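These notes concern the structure reproduced below.
All values reported here derive from a predicted model rather than from experimental measurement.
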Number of protein chains: 2
Amino acid sequence: MTDNTQESLFSRLFSEPGTVYTRLLEDIARGVFVSGDRLVTTALAQRYATSINPVREALKQLQGEGLVSFQRNSGARVMHFEYTTMRDVYELLQLLEPYLLDWFIEEHTEAPLARLEALLEEMKALTTKDVDRFKELDTLFHWEMYRHHYNRDVVDLWKRQRLRLLALHANMPISGSRIQTAIDEHEAIIAPLRQRDKTAARAALVQHIHSGGDYWSRLVRSHR
Amino acid sequence: MTDNTQESLFSRLFSEPGTVYTRLLEDIARGVFVSGDRLVTTALAQRYATSINPVREALKQLQGEGLVSFQRNSGARVMHFEYTTMRDVYELLQLLEPYLLDWFIEEHTEAPLARLEALLEEMKALTTKDVDRFKELDTLFHWEMYRHHYNRDVVDLWKRQRLRLLALHANMPISGSRIQTAIDEHEAIIAPLRQRDKTAARAALVQHIHSGGDYWSRLVRSHR
DNA sequence: CAGTCATAAATTATGTGCAATCATTGTAGA
DNA sequence: TCTACAATGATTGCACATAATTTATGACTG
């Protein structure tokens, strides 16, 4: 039994939990606030038991990260996510992830591979109802591969895009078959990793991202 | 005679000039504040003739964009730029620019091509002393190709990375031979654009970015 | 005498409350 | 029904209080 279940996704991805910034990020990623929602400073100040200024600063930071948008004299909203947004994010991930993977293929030791397989095992053991946990595991799987990359800028960038994706998917269902496909795809990535077969691993990753983007975009269209 | 000289770089890249955010960005990109400099809120408030709060918010936004770093209870500093930072930025640009270029190759009309050539002409006409103007023209050249791309996220991302480069290079000289090489490389990009030869244009662009990264990294090392 | 450490003062960051401006909503009148 | 106007609510910017850090000063030690 691994202790993956004990640690939450956000405690791993963020160094300063409990801050207004992190809590807001969590609420957006979890779907408490969804695309287009107004983010009223006074209300948020109450929610996080603080005053207006810290809230404003967190919002500005999130604006810089592309998760919140401002309109002059009209306050902040959760960035408007629509079909094109998702396409944009997936296309960016399609650029970043193969690049990040390359380093991992060359430099990884045995330990992270074992962790990847532990994550995979937990995915397989999940019942289809633990959708949120599956999303977390999926994210952690990729995180495990990229987190030690030397290019911290790109790693942070990847993190942000991944969070936007989580926010986009927060209130959407996942079919059992999609989960199964994702598990298979992750397995198809691990296999060439062992042999440090760069082209095969890249191909599997590209396929995995493409497949994900495809699934969600179809889901978004049908949810209109 | 074109009127490129009349408009500044920043008025083209940013929609809201005059704000604290934009002015801070300009000052960082221009090298007024350099890598590691403390950004004291009270001093900035005086400089921009405003109070502390707007300054803090601009700093937080810039933190989100990766240009400013915060230390708890110790305020903000210009993000620490060193050799590895430059390498990271160039590697990211190497991912983004070919992607952005693809769209331009397929969709461009005659007008932007003409503007590219006008920019090129102005570069050629420059004396070697107008180093700042050359950097602006170089940026505007790429901007002209990418600015209409459908993926606004990536375009904004490119803009930020380009600004970080400007900040990194702000107080460094450019040799006359480097300017000439850059001009040649731009020409090598325009030629295949006309014929919508994607592979050739991409190759020329990749070469151009690589060449730039190479030049600056050597310069940084010798400036120790 | 030089260097280091501890202590004190000044400076700065952070958080709170408050006025003014702007946008939005609702209402009354044409 | 549409327009003009008033009232409400929120954003924005500002001044202040508190807490932390950085800097400066002086004493002590090798």
Report the C-alpha separation of A/Tyr90 and A/Gln161 in whole Å, then their side-chain angles, then the decisive distance to 0.1 Å, and conclude whether the side-chain hydrogen bond (donor to acceptor under 3.5 Å, both in side chains) test is met. CA-CA 9 Å; A/Tyr90 271 107; A/Gln161 300 309 314; over 6 Å; no
Quick one: what's the B/S/- string for nucleotides 17-24 of chain D, heavy-atom cutoff under 4.0 Å, read 5' to 3'? ---SSS--
What parts of residues 39-50 of chain B reach DNA chain C, counting only heavy atoms under 4.0 Å away? B/Leu39, B/Val40, B/Thr41
Contacted region of DNA chain C by chain B, from 5' end to 3' end of the hits, cut-off under 4.0 Å to heavy atoms, spans C/dT12 to C/dT14
Between A/Ser69 and A/Met79 the two heavy atoms that sit nearest each other are CB-SD, 4.0 Å
In this structure, are over 12 heavy atoms from other groups packed under 6.0 Å from B/Glu107 atom CD? yes
When you measure from the centre of the six-membered ring of B/Tyr215, is the NZ or CZ of B/Arg178 under 6.0 Å away and within 45° of the axis? yes
Side-chain heavy-atom pair B/Gln61, B/Val68 within 4.5 angstrom cut-off: no
Donor-acceptor pair, side chain of A/Asp156 and main chain of A/Asp153, under 3.5 angstrom: no
Verify the ring-centre separation between A/His149 and A/Tyr99: is it less than 6.0 angstrom? yes
Taking the nucleotide of DNA chain D with the closest heavy atom to each, which residue, A/Gly75 or A/Asn53, is nearer the 5' end? A/Gly75
With the threshold set at 4.0 Å, does a side-chain nitrogen-carboxylate oxygen contact exist between B/Arg115 and B/Glu144? yes
Ignoring hydrogens, what is the shortest heavy-atom contact between B/Leu219 and B/Pro173? Give both atom names and the distance. CD2-O, 3.5 Å
Mind checking whether B/His186 and B/His142 have side chains closer than 4.5 Å, heavy atoms only? yes
Could you give the CD1-to-C1' distance, from A/Ile52 to D/dC14, as a whole number of Å? 13 Å
